[in-house]
Amino acid sequence: MRIVVLLAGLVSLVAQGTLASDYFSSITGLEELLHTEEYLTRELRSKVNGIRTLLQQLEGELSSIEKEHTLAAGDTENYLTNPVNVYRLMKRLHTDWFLLEGRVQLMAEEMNFNATREYGLSFPSQEDVEGAALALVRLQSTYKLDVAQVAAGILNGVKYGSDMSWQDCFELGQQLFEMEDYNNTRVWLRESMERLRRHSSHAHTQATPPSGPDAVTLNKMEATAKSLFQMGDFDTAYELSQRVLQFDPSRVRNWHLGDKGAAHQEEVDEVYLPKHSDSYNLSQEFAQYEKVCRGEVNPVPRKELRCRYSRGHHPYRLLAPLKLEEHSLDPYVVTFHDVLSGRKISQLREMAVPRMRRSTVNPLPGGKHKKSSFRVSKNAWLEYESHETMVGMLRDLKDATGLDTTFCEQLQVANYGVGGHYEPHWDFFRDPSHYPAEEGNRIATAIFYLSDVEQGGATAFPFLDIAVKPEMGNVLFWYNLHRSLDMDYRTKHAGCPVLKGSKWIGNVWIHEVTQTFARPCDVFRDHEVSVEYETIK
């Protein structure tokens, strides 16, 4: 009997578990996976403890019999002429060994670790695993993180959790290879081999045999090395193959690796452009967005920008002024601080969680809403009239901005998990068919921050060099349209990837109808200043 039987049962459990998708897109739902593993750990521990008890009993019985045979081996004739010994020998062979056989069978039954759908367990899908892998790579790219540091659980210099094993790094590299992200495949596979080297060296210094890859993993390593060799990455292929031979010298390679470093660098670079990246991700605009997310831009200080108390547009605000922070006056981008209390935020999140679904985009006029890798989050739509907290949110917005909030889309509560993001986009609709003609376009956006975020997750405006860090209770507000109601292309913005933490926001989109007196037009159209930003790439 081997523990392999137990693990086979565990695989059976996983195969039978309930699959659910989109766990990677939000923190909500991940708790289900944690509960699943908690249950599996508890059940497996119970099985292991039961098996250990049975093994201890068997060990005692076996030791007793071995002592008898040691005694008999010293003087067999003397041993067998003792009637007590003869009786005990016959009893053991007639009764005890059958009892021992029954105990072994009982242990085999204990090792059968099966579960069915009735437990309601949740398991991630292949899409979830790929999404989590892409999230790591996205964070690594956006924030220029060192792969070795990420593998060590260090994010931007802060140690958060356990190290990744060499197997974790290898599996990630293999996943990225299958997803055709070849540049990141290379760095993660090399990190895996470096960790395997250190692991083997440590095992030798401790005078213990190194626990290297099993046959299945060696097969994967060899197959990956062969594919990399065929695609021109001789260095990584060579390193992988050497590790395979280190742990299994008997393997005969039926393909030739060639000389290490034989490829011309420019040829390798051409091969290893990540195929899943579109042209926008390689553009100057996208590079600027990532710089803003990293805080590498220094906007020109403007004396006219202030942090001040605002009396808003309601007499009540004379007694309870709003804390206003100005980020830009043209276009108008500001933050109102400490608008929502923790109690109200908890209410919103409780209402939203049961309705959370994967966020979608509508990429083309008249197109169907669909999931996309450039928007990774979950959201829920809530009617303002369904709860007094949401009614109060609209009232506060009206007090702060003077805008009529009669025509707003439903409140969208969104949650971004680790690596969750929303690439640069405009909130206004460029196609009039996407909004009701009687309500008009989205004149303004208000983002209610419903959580703090430890690292990352800022709302970035690449054309304005502005990055606003989420702070629970604050509201970020800006106008999407000029006073002439032309689209202000300078307001392209993004949700930077969440590096550590969980980002919760509430989006309010206010439409232009009924805003004639709240935000009247100027004598002349004022849209020319932003036209050049429409086509920047």
Side-chain angles (χ1 to χ4, degrees), residues 1-17 35-121 123 165-167 196 199-220 244-252:
M1 295 296 173
R2 298 177 61 188
I3 200 68
V4 172
V5 180
L6 184 62
L7 296 178
L10 180 59
V11 172
S12 172
L13 169 90
V14 172
Q16 296 175 19
H35 292 157
T36 291
E37 189 166 59
E38 181 183 11
Y39 169 82
L40 294 175
T41 302
R42 187 170 59 251
E43 289 297 301
L44 185 56
R45 173 56 62 190
S46 175
K47 293 290 183 181
V48 168
N49 289 340
I51 292 168
R52 181 183 293 114
T53 300
L54 289 172
L55 282 173
Q56 289 172 346
Q57 293 173 350
L58 285 172
E59 178 66 29
E61 295 284 350
L62 185 58
S63 296
S64 177
I65 294 173
E66 286 173 341
K67 287 180 181 179
E68 286 291 318
H69 278 266
T70 301
L71 182 63
D75 189 347
T76 302
E77 182 178 355
N78 182 53
Y79 180 87
L80 290 177
T81 55
N82 185 333
V84 175
N85 292 340
V86 171
Y87 169 77
R88 295 180 67 232
L89 172 63
M90 295 206 177
K91 172 182 170 293
R92 286 198 303 271
L93 290 173
H94 183 267
T95 305
D96 293 357
W97 276 102
F98 290 99
L99 293 176
L100 292 174
E101 182 182 23
R103 289 185 183 178
V104 172
Q105 291 174 349
L106 179 61
M107 188 169 64
E109 292 175 3
E110 281 291 318
M111 291 177 108
N112 186 19
F113 185 40
N114 292 318
T116 60
R117 297 176 185 271
E118 65 182 355
Y119 289 106
L121 300 179
F123 293 92
S165 65
W166 74 263
Q167 295 97 328
L196 177 58
H199 172 78
S200 303
S201 300
H202 177 73
H204 283 299
T205 58
Q206 297 296 318
T208 57
S211 56
D214 56 23
V216 174
T217 304
L218 286 173
N219 289 338
K220 288 183 180 180
V244 171
L245 292 176
Q246 174 189 347
F247 289 98
D248 187 359
S250 65
R251 287 178 178 254
V252 178

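Counting begins at 1 with the first residue of the sequence.
- Separating the OG atom in Ser63 from the CD atom in Glu68 is a distance of 12.5 Å, to the nearest 0.5 Å.
- No side-chain heavy atom of Leu44 sits less than 4.5 Å from a side-chain heavy atom of Tyr39.
- Using modelled atom types, one side-chain atom of Thr81 and one backbone atom of Asn78 make a donor-acceptor pair closer than 3.5 Å.
- Residues Leu40 and Phe123 are in side-chain contact: their nearest non-hydrogen atoms beyond the backbone lie under 4.5 Å apart.
- Taken from OG1 in Thr76 to NE2 in His69, the straight-line distance is 10.5 Å, to the nearest 0.5 Å.
- Interatomic distance, CG of Leu106 versus CG of Leu99, reported as 12.0 Å (0.5 Å rounding).
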side-chain contact (heavy atoms from CB on, under 4.5 Å) between Glu59 and Leu55: does it pass, once the steps are laid out? CA-CA 6 Å; Glu59 178 66 29; Leu55 282 173; over 6 Å; no
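- One distance of note links OH of Tyr87 with NE2 of His94; it measures 10.5 Å at 0.5 Å rounding.
- More than 12 heavy atoms of other shown residues, nucleotides or ligands fall within 6.0 angstrom of atom CD in Gln57.
- Annotation for Arg45: atom CZ does not count as buried by contact number, only 12 or fewer foreign heavy atoms lying within 6.0 Å.
- Interatomic distance, Thr53 OG1 to Leu58 CG, rounded to the nearest 0.5 Å: 11.0 Å.
- Contact of the His35 side chain with the Glu38 side chain is registered, since non-hydrogen atoms from C-beta on lie closer than 4.5 Å.
- With contacts defined as side-chain heavy-atom distances shorter than 4.5 Å, the pair Thr70/Lys67 does not qualify.
- Between the Asn219 side chain and the Ala215 main chain, a donor and an acceptor come within less than 3.5 Å of each other.
- When all heavy atoms of Met107 and Leu54 are compared, the pair lying nearest together is CA-CD1, 3.6 Å.
- Atom OG1 of Thr217 is separated from atom CD of Gln167 by 7.0 Å, given to the nearest 0.5 angstrom.
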Should Val86 and Tyr79 be marked as a side-chain contact (heavy atoms from CB on, under 4.5 Å) after you check the CA-CA gap, both sets of side-chain angles, and the distance that decides it? CA-CA 8 Å; Val86 171; Tyr79 180 87; over 6 Å; no
